[in-house]
2 protein chains.
Amino acid sequence: MIKQTQSLYEARAAIIKALAHPTRLFIVEMLQKRDYNVGELVEMIGADFSTVSKHLTTLKNSGLVSDERKGTTIYYHLKTPCILNFIGCVEEVLQINADEKLNVLSYCRK
Amino acid sequence: MIKQTQSLYEARAAIIKALAHPTRLFIVEMLQKRDYNVGELVEMIGADFSTVSKHLTTLKNSGLVSDERKGTTIYYHLKTPCILNFIGCVEEVLQINADEKLNVLSYCRK
DNA sequence: CGTATATTTTGCTATATTACCAAATAAGAA
DNA sequence: TTCTTATTTGGTAATATAGCAAAATATACG
């Protein structure tokens, strides 16, 4: 592959990679509703502070999320809501996968 | 997080993870145009046959791609073109990231 | 300043991913 | 069946990632 093309795909993959974790997907969906701070997310997720903080840093570095300090707490904000359309497509894939499994099963029963 | 919710996000993340690699993104975009076999993709990508084949298996296992044998060769097919809308959004994120870097630079120059 | 609160960073270990090579398999042709 | 082409699988080394706990940082306030 041409070097330039390679770089483009690497840049894209880096962003997608930032989304490719259950906790980070959850965070992104939460941030769709409103901004949250680490503590609130920790409570919802049930992981360590440091773990959630790291996930937020990953999302921030990818450019999907921004942060803003308000007094003592830092609020995280979803910069690119178009990401959520994508999750609709992912859901579609899951649905198709599930349907296909059902088909295989019904075929076995015949 | 509730166990059920956890499972849902894991399932979604698994699909996104399948996309989160430059070579696999490239393959998905190529398959948007038409079906390809491993050999053709190897030529475009410039990696080992086994490497590309493994990437195709990853895409197939996630349900994004299907395969069909025609004579001696196996052709790969993009099952869910909605994925491509998502890449548009990723591109948007890249654009914003680039713009922000430019802003920071111009700010430094003042 | 010193203390409390909120969050991030670091150090560590365990696990996962990827690439390449070589060997194995699958399907069709001779 | 044996050859040939197309593709996958297994093994391995290098690299990346996740998660927890402890230490460090940053801001607010008395």
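Here the structure is a predicted model, which is why all the values come from computation and not from measurement. All values below come from the heavy atoms of this structure, side chains included, with hydrogens, waters and symmetry mates left out. All chains are named by letter (A, B, ...) in the order of the sequence lines, taking the proteins before the strands, and each is independently numbered beginning at 1.
- A heavy-atom distance below 4.5 Å is found between the side chains of A:Arg34 and A:Glu40.
- Looking at heavy atoms from C-beta onward, B:Ile16 lies out of side-chain contact with B:Phe86 at the 4.5 angstrom threshold.
- Residues B:Val38 and B:Ile74 have side chains not in contact (no heavy-atom distance under 4.5 Å, counting atoms from C-beta outward).
- Ring pair A:Tyr76/A:Tyr36: centre-to-centre distance not below 6.0 Å.
- When each of A:Gly46 and A:Lys70 is assigned the nucleotide of DNA chain D bearing its nearest heavy atom, the one mapping closer to the 5' terminus is A:Gly46.
- Side-chain N or O atoms of B:Thr5 include none that pairs as donor or acceptor with a backbone N or O of B:Met1 at under 3.5 Å.
- Taking 4.0 Å as the cutoff to heavy atoms of chain B, we find the contact window on DNA chain C bounded by C:dT17 to C:dG28.
- Looking only at side-chain heavy atoms (C-beta outward), B:Leu94 and B:Glu91 come within less than 4.5 Å of each other.
- Here the side chain of B:Asn97 pairs a donor or acceptor atom with the backbone of A:Ser62 at under 3.5 angstrom.
- For the segment residues 5-27 of chain A, the set of residues with a heavy atom within less than 4.0 Å of an atom of DNA chain D comprises A:Lys17, A:His21, A:Arg24, in numerical order.
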Show the distances under 3.5 angstrom between N or O atoms of the protein and N or O atoms of nucleotides 4-8 of chain D.
unit_1: D:dT7; atom_1: OP1; unit_2: B:Ile74; atom_2: N; d: 3.1
unit_1: D:dT7; atom_1: OP1; unit_2: B:Ile74; atom_2: O; d: 3.3
unit_1: D:dT7; atom_1: OP2; unit_2: B:Gly39; atom_2: N; d: 3.3
unit_1: D:dT8; atom_1: OP1; unit_2: B:Tyr76; atom_2: OH; d: 2.3
unit_1: D:dT8; atom_1: OP2; unit_2: B:Ser53; atom_2: OG; d: 2.4
unit_1: D:dT8; atom_1: O5'; unit_2: B:Ser53; atom_2: OG; d: 3.2

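- Between A:Arg12 and B:Glu29, at least one side-chain N (NZ, or NE/NH1/NH2) sits under 4.0 Å from a carboxylate O, which counts as a salt bridge.
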Show, in sequence, the C-alpha distance, side-chain angles and deciding distance for B:Val93 and A:Leu64, and conclude whether the side-chain contact (heavy atoms from CB on, under 4.5 Å) test is met. CA-CA 7 Å; B:Val93 176; A:Leu64 293 166; 3.9 Å; yes

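- Using a cut-off of 4.0 Å between Lys/Arg side-chain N and Asp/Glu carboxylate O, A:Lys79 and B:Glu100 are scored as salt-bridged.
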